[in-house]
Amino acid sequence: MISLHSSAIKASLYGSFPSSLRSTLSVSFSAGSLIRLPSVGKRNLSVVVSSGRDSSMSSNNVSRGSSSKVAAESFFRSVLGQMETVYLNRNPTPKSVLELVRSVDDQQLCYDHLAFRTFGIGGYGIDSLASFFLDYGYTPMDELKFPAKKLRALWFAPPNASAVPGGSGVNGPLPRVFISELLVDQMSSQTQDVIRKYTEASPNGKKYAGLSSALGTLTWEKPLSSEFEQLARESEYAAWTLVNGYALNHVTISVHRLKSHLNKIKKLNQFLEEKGIKLNSEGGVLKVSPDGGLQQSSTVADSISFKFADGVTKSIPCSYIEFAERLVLPQYQNIPESEIQESHRRDGFEVGNADKIFESTFQEQLSRRTG
């Protein structure tokens, strides 16, 4: 198992950032040390200039503040880019889907949201990963509850930030973030014991959730294959999180932002199915909110080979890609199409839709891939 304390890993991650950002990182490569990220909380991204100050000093402060904000955003996007790279390297279907969509629509491709899964125990839940996004200006929004699956989720709205010129994906408009957690205390004692075994053995791992996702490593040791099977029998979500940790569960293409005929989700679904892409059929391929304003679909997750701590190698579910079309709200229907902004469209998430999307990694859907 690769440790997050490895100096080789830290050097690799540090070297992956643009040279312009490395000066913003304070990095020590001595044994046992960790990367220290720059402090870039909301309050640090703006500059207040007092009217009584010398104008040249004020100008310099504004300049430094502006430079700091640019560096912070660039660093943040670089970390998202590392998460995306790990995700695309592990999951050939999302990579193929992005290539297929770009073959028709080669303009800016935007992400609607990024999604992660966590264990709601000992600080390893939603908060462990949310702190990274909150530091960069994200705002917590609504809670969603999934009693049957023993899950809860929160979504986070992005700060206002201009897309990188010509940027797509994580370099486009910043996406929403959707983080879910397993309600561990509602699981059987056997499942709780397995989860506690690994989270308690790595009590500080929860502090580095974002780093874990960017590196593609677990913050705990690899489990036994029997433990994975134990969790899978009770909760496929739990089993997925045990072996994938903080890895991106999925990214979501913002369908209505496409410029070609694929900017309608039904047409995109048809296009992908004609290309041989398997879509999640749970509850129907197209998942529609009761108000009709949020329409979603997703692929079936890819599988990867995983070697467990006992030497057993199994195929495990990995990640998938989702698609979301947000319709214009009724009160904005008379606005010319050319003037429609994201704020004019249906926001947020829908429990009924998300409940079925979760099953993109479940065995019943994975069996359709090979059936």
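- Side-chain atoms of Q296 and E322 form a donor-acceptor pair, as typed in the model, at a separation below 3.5 Å.
- Atom OG1 of T299 is separated from atom CG of L279 by 7.0 Å, given to the nearest 0.5 angstrom.
- F362 and L231 are not part of a single hydrophobic cluster, where members link through side-chain heavy atoms under 4.5 Å apart.
- Nearest heavy-atom pair across F146 and D355 is CE2-N, 3.7 Å.
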Identify every side-chain donor-acceptor pair in residues 327-341 under 3.5 Å, counting partners at least two apart or on other chains, and give the distances.
from, atom 1, to, atom 2, distance (Å)
Q333, NE2, V328, O, 2.9

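- Side chains of T191 and E234: a donor on one and an acceptor on the other come within 3.5 Å.
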Let me see the working for Y111 and V251 under side-chain contact (heavy atoms from CB on, under 4.5 Å), right down to the final yes or no. CA-CA 7 Å; Y111 287 158; V251 307; 3.9 Å; yes
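- When every heavy atom of K145 is checked against every heavy atom of V351, the shortest pair comes out as O-CG1, 3.6 Å.
- The CG atom of L258 sits 8.0 Å away from the SG atom of C110 when rounded to the nearest 0.5 Å.
- Every residue two or more places apart in sequence or in another chain that forms a side-chain contact (heavy atoms from CB on, under 4.5 Å) with V288 is listed here: L286, Q295.
- Remark: K278 does not engage E273 in a salt bridge, criterion side-chain N to carboxylate O under 4.0 Å.
- Judged by distance alone, the side chain of K287 and the main-chain N or O of G284 form a donor-acceptor pair under 3.5 Å.
- None of L182, N249, I316 except one satisfies the side-chain contact (heavy atoms from CB on, under 4.5 Å) rule with W240; the exception is N249.
- Using a 4.0 Å cut-off between charged nitrogen and carboxylate oxygen, R176 and E342 count as a salt-bridge pair.
- Here the closest heavy-atom approach between residue L366 and residue S360 is recorded as CD1-O, 3.6 Å.
- Note on Y87: it clusters hydrophobically with L100, by side-chain heavy-atom contacts below 4.5 Å among ILVMFWY residues.
- Among all heavy-atom pairs drawn from L294 and E350, the shortest one is CD2-N, 4.0 Å.
- Side-chain atoms of D142 never come within 3.5 Å of backbone atoms of G348 as a donor-acceptor pair (strictly under, hydrogens ignored).
- In the model, D112 has no side-chain atom that pairs as donor or acceptor with a side-chain atom of T252 under 3.5 Å.
- Side-chain contact of H256 with E325: a donor-acceptor pair under 3.5 Å is absent, judged by distance alone.
- The two residues S319 and N91 make their nearest non-hydrogen contact at N-OD1, 2.9 Å.
- Going from atom CG of D105 over to atom CG of L262 covers 6.5 Å, rounded to the nearest 0.5 Å.
- No hydrogens or angles considered: nothing links the side chains of Y136 and E73 as a donor-acceptor pair under 3.5 Å.
- In plain terms, the two heavy atoms of A238 and F119 that are nearest each other are O-CZ, 3.5 Å.
- The closest donor-acceptor contact from the side chain of R345 to the backbone of R326 lies under 3.5 Å.
- In this structure, the side chains of F116 and S128 stay at 4.5 Å or more apart for every pair of heavy atoms.
- Other residues, nucleotides and ligands contribute at most 12 non-hydrogen atoms within 6.0 Å of the CD atom of E364.
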side-chain contact (heavy atoms from CB on, under 4.5 Å) between F358 and S180: does it pass, once the steps are laid out? CA-CA 10 Å; F358 275 128; S180 57; 3.8 Å; yes
Going through the checks in order, is the salt bridge (charged side-chain N to carboxylate O under 4.0 Å, His left out) test met by E359 and K149? CA-CA 10 Å; E359 301 192 22; K149 289 184 170 65; 2.9 Å; yes
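- A donor-acceptor pair shorter than 3.5 Å can be found between the side chains of S225 and D310.
- Atom NZ of K207 sits in a sparse spot, with 12 or fewer heavy atoms from other residues, nucleotides or ligands closer than 6.0 Å.
- The OG atom of S212 sits 9.0 Å away from the CE atom of M83 when rounded to the nearest 0.5 Å.
- A perpendicular orientation is assigned to the rings of F133 and Y138, their planes being inclined by more than 60° (bins at 30° and 60°).
- Within the model, atoms CG of L80 and CG of N171 stand 8.5 Å from one another, a figure rounded to the nearest 0.5 Å.
- Residue Q186 holds its CD atom at 6.5 Å from NZ of K150, rounded to the nearest 0.5 Å.
- Results of the ring-ring contact (aromatic ring centres under 6.0 Å, His included) test with F132 over F76, F156, Y246 single out F76 as the only residue that passes.
- Using cut-offs of 30° and 60° on the angle between ring planes, the pair F349 and F178 is tilted.
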